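Chain letters run A, B, ... following the sequence lines, proteins first and then strands; every chain starts at 1. It should be emphasised that the depicted structure is a prediction, and the values quoted were computed from it without experimental measurement.
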Amino acid sequence: MVRLPTRLDRSFFDRGTLLVCRELLGKSLVRLDDRGRRVSGLVIEAEAYIGMEDLGCHAHAGRTARNASMWGPPGDAYVYFTYGMHWMLNFVTEREGFPAAVLIRGVAPVEGLRAMRRRRKGRPLADLANGPAKLCQAFRIDRHFDGHDLCQGTSRVFVEDRPPVPDEAIRSGPRVGLDPVPEPWRSMPWRYRIHPEHVRYLVIQEERDEIA
DNA sequence: AGCACGATTAACT
DNA sequence: GTTAATCGTGCTC
């Protein structure tokens with residue numbers, strides 16, 4: 001029997017951030033455009049940012065207009081602007097009032113490759129969404145989605161369930177880009193990614209819709 | 001009002 | 001390996 005993919009609901013995100021981060025790997029990030037067309041890809045890399053104690057987390061300096069979404073309910077988006085040109089997509093985790101989120105750092109394109117390539121100025125498949133700012137370009141995600149409820153039925157950005165990825169296919173290590181952050185936060189192994197060989201296998205399962 | 005910085009990327013040498 | 005791009009944000013004056 002064929003099961004239609006189901007959208008992850010709030011209970012998925014209302015758990016420990018490391019668990020959510022780990023389990024987001026292999027799920028499908030979906031973006032619907034204004035005509036209902038799908039751009040999608042499998043989450044292949046993600047990082048956890050957990051609470052005000054975590055000196056690598058934007059929440060550590062307290063709540064501001066920019067990072068307020070992190071204190072919101074699980075399943076909301078936290079989208080912020082950085083380096084004068086880049087947007088970053090996070091999913092808020094844990095109970096409302098506790099600031100934590102998972103940064104989506106990489107996606108393997110599956111649907112809407114043409115739209116992605118247009119938005120990414122004709123770059124090769126491998127460079128379409130293999131970075132936190134790149135995937136926001138490819139999926140056209142910006143401040144419009146900050147504080148947006150991704151679990152609501154009308155959301156144009158959401159995550160669809162997929163089978164769990166086995167532990168053997170997953171690597172973890174220190175988070176990226178935290179050079180000035182003091183230990184132990186700088187070295188916490190809160191970055192998770194799927195081994196490239198297994199990504200290849202998963203994408204084949206998805207039957208990618210267009211020729212590279 | 002001014003200023004330093006950034007959970008990055010692309011284009012260099 | 002290095003570095004410019006580019007600007008919203010948060011902090012200081």
### Task
Check M52(A) against A59(A) and note the closest heavy-atom contact, atom names and distance.
CG-O, 3.5 Å
#### Entry: Side-chain donor-acceptor pair present, R119(A), Q137(A), cut-off under 3.5 Å
no
### Message
Can you confirm whether Y80(A) sits close enough to N90(A) that some side-chain heavy atom of one is under 4.5 Å from a side-chain heavy atom of the other?
### Response
yes
### Message
Heavy-atom count check: over 12 atoms from other residues, nucleotides or ligands less than 6.0 Å from E183(A) CD?
### Response
yes
### Electrostatic pair D14(A):R95(A) at N-O distance under 4.0 angstrom
no
### Query
Ion pair present between K27(A) and E160(A), side-chain N to carboxylate O less than 4.0 angstrom?
no
### Query
For F158(A), which residues count as a ring pair (Phe, Tyr, Trp, His ring centres under 6.0 Å) partner, sequence neighbours excluded?
none
### Test item: I50(A) and F98(A) side chains (from C-beta on) under 4.5 Å apart, heavy atoms
yes
#### Entry: Presence of salt bridge, R193(A) and E45(A), under 4.0 angstrom
no
### For the student: nearest non-hydrogen atoms of R10(A) and C151(A), plus distance
N-SG, 3.5 Å
### Close approaches to DNA chain B from residues 92-99 of chain A, in residue order (heavy atom, under 4.0 Å)
none
Check nucleotides 11-13 of chain C for protein N or O atoms closer than 3.5 Å to its own N or O atoms and list the pairs.
none

### Query
What string of B, S and - do you get for nucleotides 4-13 of chain B, 5' to 3', if B is base contact, S is sugar-phosphate-only contact and - is no contact with any protein heavy atom under 4.0 Å?
--BBBSSS--
### Query
Are R156(A) and D33(A) within salt-bridge range, i.e. N to O under 4.0 Å?
no
### Message
Check this for me, if you would: do E23(A) and R15(A) make a salt bridge, where the nitrogen-to-carboxylate-oxygen distance has to be below 4.0 angstrom?
### Response
yes
### Message
For F81(A) together with H86(A), are the ring centres under 6.0 Å from each other?
### Response
no
### Message
Between R175(A) and E47(A), does any NZ, NE, NH1 or NH2 come within less than 4.0 Å of an OD or OE carboxylate oxygen?
### Response
no
### Message
Counting only heavy atoms and a strict 4.0 angstrom limit, can you tell me which residues of residues 140-149 of chain A come near DNA chain C?
### Response
R143(A)
### Query
Based on Watson-Crick and G-U pairs with both distances under 3.5 Å, what dot-bracket line describes DNA chain C 5' to 3', crossing pairs as [ ] and inter-strand pairs as |?
|||||.||||||.
#### Entry: Distance-only side-chain donor-acceptor flag, D76(A) / S69(A), under 3.5 Å
no
